[in-house]
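Have a look at the structure below, then the notes.
Atoms considered below: every heavy atom in the structure, side chains included; atoms not considered: hydrogens, waters and symmetry mates. Positions are given from 1 along the sequence.
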Amino acid sequence: MCCVKSCCASWRRFSICKIKSTSFIRMTSCFNLFVFLYLIHISDKSFGEVFTSMMSVNQAVFAETQLIDHLRIYIERETQRLHDIKRFFSRVTAQHGGICNESSATIANPLVAFKLVKRLQSEWLNVVYSSEAEENLQALREGYRMMEGSLPKLEDLQGAAQGLMRLQDVYDLRVEGLVRGHFQQITNGNAVDIYKPSVSDTLSGDDCFLVGKVAYDLEDYYHSMQWFEEAVRLFRGTEWSPENEGTLEDALDHLAFSHFKTGNISYALRLSQELLLHDPINSRILLNVEKYEKLLVKSPPVIGHGLVLKRPDTTYLRTRDVYEKLCQTKGSQPTHYQNPKLFCDYFTNGNPGLLLQPMKREVISQQPYVVLYHDFITHAEAKSIRDSAVPGLRRSVVASGVNQATAEYRISKSAWLKESVHAVVGKMDQRITMVSGLNVHSPYAEFLQVVNYGIGGHYEPHFDHATSDSSPLYRLKTGNRVATFMIYLSSVEAGGCTAFIYANFSVPVVENAALFWWNLHRNGRGDGDTLHAGCPVIVGDKWVANKWVHEYGQEFQRPCSLNPEE
Ligand SMILES: O=C(O)CCC(=O)C(=O)O
Ligand SMILES: [Fe+2]
């Protein structure tokens, strides 16, 4: 196995050969038909790009349940097949022993002789050339092929691995901790848990190898080294398993190359020498060792000059440091007693509809004006909205010139809900109007956008309002997005705060609460202080709903002013 893999490896890119089966078998059973219909349902709707939403990840659990069933049936059939072969083996051994050990009179018995001839002419043939093993395997593969459309793709594995690396970066988590199932930061030289998961899991050498490989293929040696290091450590202590993609040799090979690329030749040499202990005739590694040795003679490493690698910044975020600090210090809004303009109250907005049950208002910031309305929605309403959104969830997009496009800086799925979809959507509109006085009738506001985040899902710092005249946000022809109402439709276990970058505070996810802010000054210009972000979700299934209210239709509720401060 290892030999086949290393044959496929090349110097720069280590592509790993995978066995691909090509034959196709028709589906027959009712069960298969059910699975088929189910797959049409999920692949037709919201299943692609599994890593971008936890809802899709949950659907993948169903797919694995099916695969487990197929494998169980396969094991049962193969166990029965081997049982039958063992029975044949025992009978043949006994009868053969009878002939060999007893007197020649035994074989003189025509019944014994007939049976020997029959065994050799027919029975052995049937056993040796049995197609049962092949049929069992075919059935297993057919089951798998039926599921294939709904299984995560390579891009999902890459997206999930990038999600883990994002958590590692944004929350400054140690890879060594993650591998052991701990979410830890180093504080004053000690590993401190920033979150203790209720259900803990660990990563294997092969898991680490695959994360490293994703980084490696992106020429991101900063991450690949850390993950391959863990892969090597874990592979060293374990036996190879058939489901593994990589081996100790692969991990050593990739780790050595990552170090070579980042200038640590002596370590690359040591790793390659270790690799040769396992695979002494690997001509590529022999050549590498020779090359490394020559390089080290030419320019010996300077003791004490440790290499410090910089983390790659794929989305070129200028505000990254503040953003990450705000994500780490969850809920870092100023304390109310320090600033009397920040307070909590029961708020009716003078609206009779709120007299009996006023809104629980928490003013979080004055500039920009950000308010959190606690218990804005009930648990049941939030669930109805989430459920209504599921069939329409698609990979979230961002404005890109005059169009919209997916982007690495926004990892989630979203769906647009019209009032007609569910009565609760209209109820939300009414409540928003009651509390803000804003006109949210179409086209003065957009439909409700429901968002579900994926593995390490996030939305890096952005403005909700358009910042260029060609933005697709103007397609409604009702001006820019003057205000945002963002409802937290779920809780999360860790991470996922909403961070206001320039205003320097972050709001933790408060289940069923709604966050409100003005995106524009009264003079119509965008308020730069509203730059905000959805921090990566560490653990949990984060859902939010956005209601974006436009300028037109709000003339009386939010009159214009020439004062740029307002
Ligand atoms: O999820 C969050 O906390 C922020 C989401 C957001 O800003 C958006 O969807 O525009
Ligand atoms: Fe936003």
Side-chain angles (χ1 to χ4, degrees), residues 52 162-173 185 194 218 220 222-223 308-334 342 364-372 396-401 404-412 414 451 453-454 456-468 471 473 480-481 483-484 486 488 492 494-509 515-521 525-538 542 544 546 548 564-565:
T52 60
Q162 281 171 300
L164 289 185
M165 290 187 267
R166 185 177 308 123
L167 294 178
Q168 175 195 341
D169 293 346
V170 174
Y171 296 100
D172 203 11
L173 302 177
Q185 279 174 353
I194 60 158
L218 295 166
D220 163 9
Y222 169 87
H223 288 106
V308 182
L309 261 191
K310 255 189 83 183
R311 198 177 100 192
D313 181 1
T314 43
T315 51
Y316 308 103
L317 188 59
R318 273 188 300 122
T319 54
R320 187 167 299 286
D321 288 348
V322 183
Y323 164 57
E324 292 181 356
K325 194 202 96 221
L326 289 170
C327 289
Q328 289 176 22
T329 51
K330 75 167 185 181
S332 60
Q333 62 264 48
L342 305 179
I364 287 182
S365 159
Q366 282 291 345
Q367 177 44 41
Y369 183 70
V370 181
V371 176
L372 188 67
S396 297
V397 290
V398 294
S400 166
Q404 296 188 311
T406 60
E408 214 189 302
Y409 72 84
R410 187 181 191 193
I411 299 293
S412 60
S414 44
V451 185
Y453 287 90
H458 70 151
Y459 194 171
E460 281 187 356
H462 65 280
F463 293 111
D464 283 358
H465 60 272
T467 49
S468 106
S471 167
L473 299 184
N480 208 341
R481 287 174 173 168
T484 296
M486 194 187 76
Y488 294 111
V492 294
C497 297
T498 308
F500 284 79
I501 313 302
Y502 295 140
N504 197 28
F505 66 88
S506 61
V507 183
V509 172
L515 202 59
F516 168 85
W517 68 91
W518 296 111
N519 291 307
L520 306 180
H521 290 292
R525 297 180 74 109
D527 182 346
D529 289 343
T530 63
L531 188 77
H532 65 282
C535 295
V537 179
I538 303 178
K542 179 181 172 188
V544 299
N546 288 306
W548 284 302
E565 300 297 312

Please tell me if the side chains of [X] and [Y] come closer than 4.5 Å, counting only heavy atoms from C-beta onward.
X	Y	value
His223	Leu218	no
Trp517	Ser365	no
Leu173	Ile194	yes
Ile364	Leu515	yes
Leu326	Phe500	no
His532	Met486	no
Tyr323	Leu531	no
Tyr459	Val451	no

In terms of the angle between their ring planes, are Phe516 and Tyr369 parallel, tilted or perpendicular, with boundaries placed at 30° and 60°? perpendicular
Ignoring hydrogens and angles, tell me if any N or O in the side chain of [X] forms a donor-acceptor pair with the backbone of [Y] under 3.5 Å.
X	Y	answer
Asn480	Ala466	yes
Ser396	Ser412	yes
Gln328	Val170	yes
His458	Gly456	no

If I compare all heavy atoms of [X] with all of [Y], which pair ends up nearest, and what's the gap?
X	Y	answer
Tyr453	Ile411	CD2-O, 3.5 Å
Leu167	Pro536	CD2-CB, 3.7 Å
Gly526	Leu520	CA-CD2, 3.8 Å
Gln185	Asp172	CG-O, 3.4 Å
Asp169	Glu324	O-OE1, 3.9 Å
Cys327	Tyr171	O-CE2, 3.5 Å

Name the residue from Arg320, Arg410, Glu408 that meets the side chain to side chain donor-acceptor pair (under 3.5 Å) definition with Thr315. Arg320
Could you check whether [Y] and [X], counting side-chain N and O atoms only, form a donor-acceptor pair closer than 3.5 Å?
X	Y	value
Tyr502	Thr319	no
Thr530	Asp464	no
His465	Asp527	no

Out of curiosity, [X] [atom1] to [Y] [atom2], how far, rounded to the nearest 0.5 Å?
X	Y	atom1	atom2	answer
Met165	Tyr222	CE	OH	11.5 Å
Asn519	Thr467	CG	OG1	11.5 Å
Arg166	Glu460	CZ	CD	7.5 Å

Assess whether atom CZ of Arg525 is packed by more than 12 heavy atoms of other residues, nucleotides or ligands within 6.0 Å. no
Under 2.5 Å between SG of Cys535 and Cys497: no
